[in-house]
4 protein chains.
Amino acid sequence: MLKIGNFEFQSRLFLGTGKFANFDIQKEAVDVSETEVLTFAVRRMNIFEPTQPNFLEKIDLQKYTFLPNTAGAKTAEEAVRIAKLADSSGICHMVKVEIIGCDRTLLPDPVETLKATELLLNEGFTVLPYTSDDVVLARKLEELGAHAIMPGASPIGSGQGIINPLHLSFIIEQANVPVIVDAGIGSPKDAAYAMELGADGVLLNTAVSGAKDPVKMAQAMKLAVESGRLGYEAGRIPLKRTATASSPLEGISI
Amino acid sequence: MLKIGNFEFQSRLFLGTGKFANFDIQKEAVDVSETEVLTFAVRRMNIFEPTQPNFLEKIDLQKYTFLPNTAGAKTAEEAVRIAKLADSSGICHMVKVEIIGCDRTLLPDPVETLKATELLLNEGFTVLPYTSDDVVLARKLEELGAHAIMPGASPIGSGQGIINPLHLSFIIEQANVPVIVDAGIGSPKDAAYAMELGADGVLLNTAVSGAKDPVKMAQAMKLAVESGRLGYEAGRIPLKRTATASSPLEGISI
Amino acid sequence: MLKIGNFEFQSRLFLGTGKFANFDIQKEAVDVSETEVLTFAVRRMNIFEPTQPNFLEKIDLQKYTFLPNTAGAKTAEEAVRIAKLADSSGICHMVKVEIIGCDRTLLPDPVETLKATELLLNEGFTVLPYTSDDVVLARKLEELGAHAIMPGASPIGSGQGIINPLHLSFIIEQANVPVIVDAGIGSPKDAAYAMELGADGVLLNTAVSGAKDPVKMAQAMKLAVESGRLGYEAGRIPLKRTATASSPLEGISI
Amino acid sequence: MLKIGNFEFQSRLFLGTGKFANFDIQKEAVDVSETEVLTFAVRRMNIFEPTQPNFLEKIDLQKYTFLPNTAGAKTAEEAVRIAKLADSSGICHMVKVEIIGCDRTLLPDPVETLKATELLLNEGFTVLPYTSDDVVLARKLEELGAHAIMPGASPIGSGQGIINPLHLSFIIEQANVPVIVDAGIGSPKDAAYAMELGADGVLLNTAVSGAKDPVKMAQAMKLAVESGRLGYEAGRIPLKRTATASSPLEGISI
């Protein structure tokens, strides 16, 4: 059971709703993923424009917890404004702080992320900041009261998977709130790896929506997250140079 | 559906039966893994010594295909003798050629493996040779008529996972028979990775039997193999340096 | 030629002076490294206690530029105090901001590092902040006016080398001031790699002082830094899957 | 001092002579590399056709030891024929067995390589076989009497560097003859890494001839090989998860 603030989830896979070829594929992918948390960029909402197609039109809004993100914000103030807009729509119960600090790499801005997290916590939000894998920054976000920490595995949409498992491990080990690995997941092995490192969940979008067969990939990701979690709980064998070696490697690059 | 010679399998996970703490745990792990192929070292059989405990005593022999291996053989001749011994027991339908060429690393002997494969094929066996990830050697084994190729991911029991995904990819791409990645798998992400590279199956033992909770790890591995296979079929996103990069990485280290 | 603030250096290797077995070995290692910049923790200075042995007693103070660091500081204020203490000694012309935010991993505190950098710049120091490889944080440090950026390759003293070449590349590409890769370098290949990525210099200490033969390792590191720099300038071949592949990999994991 | 058969070399860098833009650049690169061993494909020799330009026309033949290779051979017999052709020219004292078993990947044929090595040893050649990183195959080549073993780091011309440092380490540890890492070196860090693993030398060609500035890269490689060798001799620090960890990693992925 994953608990974030007052929310509880059976599934440890958070799925982004963007960039699907059409809403039918989106819906089917969401279904087979068995996710309980759907994320989306608030700026993509058009709930106040009822004449426009709704990007969640095929989704049963009662079935899911929605995690809007503040993508598009460059500052803490903008992020707060976006979060409040989402909140006012009534379907959003949590907010993912996403403040991009670099348009080329889409990596997050640590200072504005800290600030926005603090402001949104003061407003009573359940706050999940997307952050780099800076270990001390992650701790500071938790100290502010963040309800979960969302470190990136690699740049958004890059599909490069987990570049720095050491930093993710450090973040996971020090955390007393859930750690959701976010951004950069490219394939099932990456999602399994994040979970094996002890992450509490994984958030991904492009890896599914951009796959040749998004529905099948959604199913793969569901299994990968379950598999990695079980592997973490089962306690893997130590790394050894050879099986005949007397002592195990105490490696982190597990 | 995985076809090796005349055999057909739904499951793509082959499980070794050795080194479990006891036969109850062994049985339970085998059950939850949903494997259809069990491997074991013929030298561990004591079918001719009915007063000794049978290492498969808890296993329903009708439910599984057995893949005995020739571990302990140092030469092709020894391997053939061991294979015939297994064959005479009546429960064995295929043989995994395993001829260790180095006691320290447990890496296979390419020359004796080639020779044993040829001899056993001449005897009518369904032959699956365990081999290094030497790409040309793998092709030669197939040219001899091997029914599947079993390249190692890393040394037996090391848990190091896939060290050289490039060689495995080359072997998979050139093969017209199934490729079962064997040896070195340490955790679910490794099994998923092998399958994502396009392997037709994974064989593992220590990763399950040596886990803190072998039964839970068996379940994790079952899901990992399914997940990786689905991921392969679904067609993953390309690697990009950043999502905003104009062109994808054509990397093999996916 | 490496220029940092008003300083110019031929050598791109910065060497730490701590943890040598004795001052003779320290001196010899410093000599053969041909470094021009020596770093040390101000708290290890005992220039005000003339009865104590001086940890630089064998070093010709006229030959080197000294880069004191603020190790031991937990806050920006402490770092400023330490920097001023160093400055008052008269031998120190620059300061490396080093504010550890985690006693276990020795990773830096991004918030206090930003603050200290700003304060010390206001005091007129030439400031080189040691930082994580957070890309946006590095840019903010430069925007404050830092004279060089010192991202870590991996945790201090870990010898793990460059875990995240992508982040280092991003930092190097965006920077208009020198980037000195600091912390985690374990062997010559790591130093060469940092330079090949385009770093302007490398700072290391344990890799030399902790080697079995520190003097020989100092020489190795000197050559590695030169080699990596030349390799960067020479323009390496692209990565290809095979030499017969039609198109190169555009990988970053070069 | 590197000894191979009756030959002794100060330099541990073997340089290929192919694919340079012109012979002036080739000569200059050879000069600054300070190599003592030049390799070339016998089939590119035109010593019997004096009207054709000589691909070594700028090279002082007295200054170097020449290591012709048998590239182009698909079988042991062809390799022997090529080696004898080179021998009859009088400038060649050793032969590198190079029998490609796969046109796409340019990976070597283990069976023909073994056979050619045996045949050429019987003919009295000093024989250096290019081989995959199959550990048992490398031992068999040494048992035949090969004067050095030349395992590949990655496919010829790929620039991917050392993909499997574990196998190279095993080969180096078991060998009683020199190990020269051959093929796949892309940049100075790769050459340094091979030497740090304990290799006795490095052979490369494309990494220099294909660089934007081949002469500068030749110099970089010279320094990288020296640096890696010194680093090996100096004894690097152990890998640790953090410097504050109680026990070092016993990793091989150093």
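Both backbone and side-chain heavy atoms feed into the values below; hydrogens, waters and symmetry mates do not. We name chains A, B, ... by the order of the sequence lines, and we start the count at 1 in each one.
- Interface residue C/Pro188: backbone and side-chain heavy atoms are both found under 4.5 Å from chain D.
- By the neighbour-count criterion of 12 heavy atoms within 6.0 Å, atom OH of D/Tyr232 is sparsely surrounded, having that number or fewer from other residues, nucleotides or ligands.
- Per-residue heavy-atom pair counts under 4.5 Å with chain C were compared for D/Arg229, D/Lys216, D/Met195, and the maximum is reached by D/Lys216.
- Considering only residues two or more places apart in sequence or on other chains, D/Ala116 meets the side chain to side chain contact (heavy atoms under 4.5 Å, CB included) condition with D/Ala76, D/Ala79, D/Val97, D/Ile99.
- The two residues C/Ile237 and D/Ile185 come nearest to each other via the heavy atoms CD1-O, 4.4 Å.
- Rounding to the nearest 0.5 Å places NZ of D/Lys189 at 9.5 Å from CD1 of C/Ile162.
- Under the side-chain contact (heavy atoms from CB on, under 4.5 Å) rule, D/Thr242 has a single partner from C/Ile156, C/Thr105, C/Leu107, C/Leu106, which is C/Thr105.
- A side-chain contact (heavy atoms from CB on, under 4.5 Å) with D/Leu230 is found for exactly one of C/Met221, C/Lys222, C/Gln219, namely C/Gln219.
- A pairwise comparison of heavy atoms in C/Met217 and D/Ala234 identifies N-CB, 3.5 Å as the closest pair.
- Taking NZ of C/Lys240 as the reference point, atom CD of D/Gln160 lies at 11.5 Å (rounded to 0.5 Å).
- Counting heavy-atom pairs closer than 4.5 Å to chain C, the top-ranked of the candidates D/Gly235, D/Ser227, D/Gly157, D/Gly231 is D/Ser227.
- Between chain C and the options D/Pro155, D/Ala224, D/Gly186, the largest number of non-hydrogen pairs under 4.5 Å is found for D/Gly186.
- Within 6.0 Å of the NZ atom in C/Lys74, the count of heavy atoms belonging to other residues, nucleotides or ligands exceeds 12.
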### Message
For D/Arg241 and C/Arg104: C-alpha separation, side-chain torsions, deciding distance, then whether side chain to side chain contact (heavy atoms under 4.5 Å, CB included) applies.
### Response
CA-CA 10 Å; D/Arg241 194 158 189 264; C/Arg104 189 166 71 95; 3.7 Å; yes

Distance-only donor-acceptor hits, side chain of residues 204-212 of chain C, under 3.5 Å, sequence neighbours excluded:
residue  : atom : partner  : partner atom : Å
C/Asn205 : OD1  : C/Ser209 : OG           : 3.3
C/Thr206 : OG1  : C/Lys19  : NZ           : 2.7
C/Ser209 : OG   : C/Gly18  : O            : 3.4
C/Ser209 : OG   : C/Asn205 : O            : 3.3

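- Of all the listed residues (C/Ala192, C/Ser154, C/Ala220), the one sharing the greatest number of non-hydrogen pairs under 4.5 Å with chain D is C/Ala220.
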